[in-house]
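Notes for the one structure printed next.
When reading the values below, keep in mind they use all heavy atoms of this one structure, side chains included, and skip hydrogens, waters and symmetry mates.
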Amino acid sequence: GAQANGVLVTNYITQSSRVIVVGKEPLLEAVIGTNGAPLLIVYGQYGTTNIIESKPVLDGDTNSWQGAFQVNIPSTNLWQTISLTPANRTLFYRAERLK
């Protein structure tokens, strides 16, 4: 990385990390929480409302997605975490920003 004046940053910490780039559309991440329960993290722009939809099978039918959650990204974060109820089945999720 570089500072605003172009000087390279050299005082970094060598540890694992990652960068999330938030664009116009939301980004959805599935993780396992510290208690072993599934979580969804929705990354989005400040103040946006996003719809999370789910379906049990990824097939060619684009009309069979079911609304699962409405998520508001607050003005203080670029993400919101959703706790999921563990289920004994597979579910696929997608996120869409409301226009």
Side-chain angles (χ1 to χ4, degrees):
Q3 299 177 39
N5 63 5
V7 176
L8 294 179
V9 176
T10 58
N11 60 341
Y12 57 88
I13 299 171
T14 56
Q15 65 183 23
S16 297
S17 61
R18 62 184 176 186
V19 174
I20 303 295
V21 178
V22 177
K24 181 179 176 183
E25 294 299 324
L27 174 68
L28 193 59
E29 179 182 18
V31 297
I32 300 297
T34 55
N35 63 355
L39 301 172
L40 287 178
I41 303 173
V42 183
Y43 300 93
Q45 292 182 346
Y46 294 121
T48 58
T49 300
N50 302 278
I51 297 296
I52 310 303
E53 297 175 315
S54 67
K55 69 187 285 186
V57 178
L58 288 179
D59 53 17
D61 185 1
T62 59
N63 295 319
S64 64
W65 288 90
Q66 300 291 315
F69 307 99
Q70 180 170 314
V71 179
N72 298 310
I73 304 296
S75 60
T76 56
N77 289 341
L78 290 174
W79 73 90
Q80 188 74 301
T81 302
I82 302 167
S83 297
L84 300 174
T85 303
N88 292 330
R89 61 184 178 139
T90 300
L91 279 176
F92 296 92
Y93 292 92
R94 70 178 184 180
E96 181 180 6
R97 179 179 172 176
L98 289 179
K99 305 295 181 214

Distance in Å, W65 CH2 paired with I51 CD1, rounded so as to fall on 0.5 Å steps: 14.0 Å
Chi angles and distances behind the side chain to side chain contact (heavy atoms under 4.5 Å, CB included) call for Q45, V22: CA-CA 7 Å; Q45 292 182 346; V22 177; 4.1 Å; yes
Point-to-point distance, once rounded to the nearest 0.5 Å, from CG of L28 to CZ of F92: 13.0 Å
Separation of L39 CG from I82 CD1 (nearest 0.5 Å): 9.5 Å
R97 side chain to G44 backbone, donor-acceptor under 3.5 Å: no
Side chain to side chain contact (heavy atoms under 4.5 Å, CB included) partner of V42, chosen from I52, T48, L27: I52
Reported CG-to-OH distance for the pair N72 and Y46, which is rounded to 0.5 angstrom: 16.0 Å
Shared hydrophobic cluster, V31 / Y43 (ILVMFWY, side-chain heavy atoms < 4.5 Å): yes
Any T49 side-chain heavy atom under 4.5 Å of Q70 side chain: yes
Straight-line distance of L40 CG to E29 CD, nearest 0.5 Å: 9.5 Å
Residue that, paired with P26, satisfies side chain to side chain contact (heavy atoms under 4.5 Å, CB included) out of L78, L98, N50: N50
Within 6.0 angstrom of W79 CH2, more than 12 heavy atoms from elsewhere: no
Distance, nearest 0.5 Å, that separates CD of E96 from CD of E25: 7.0 Å
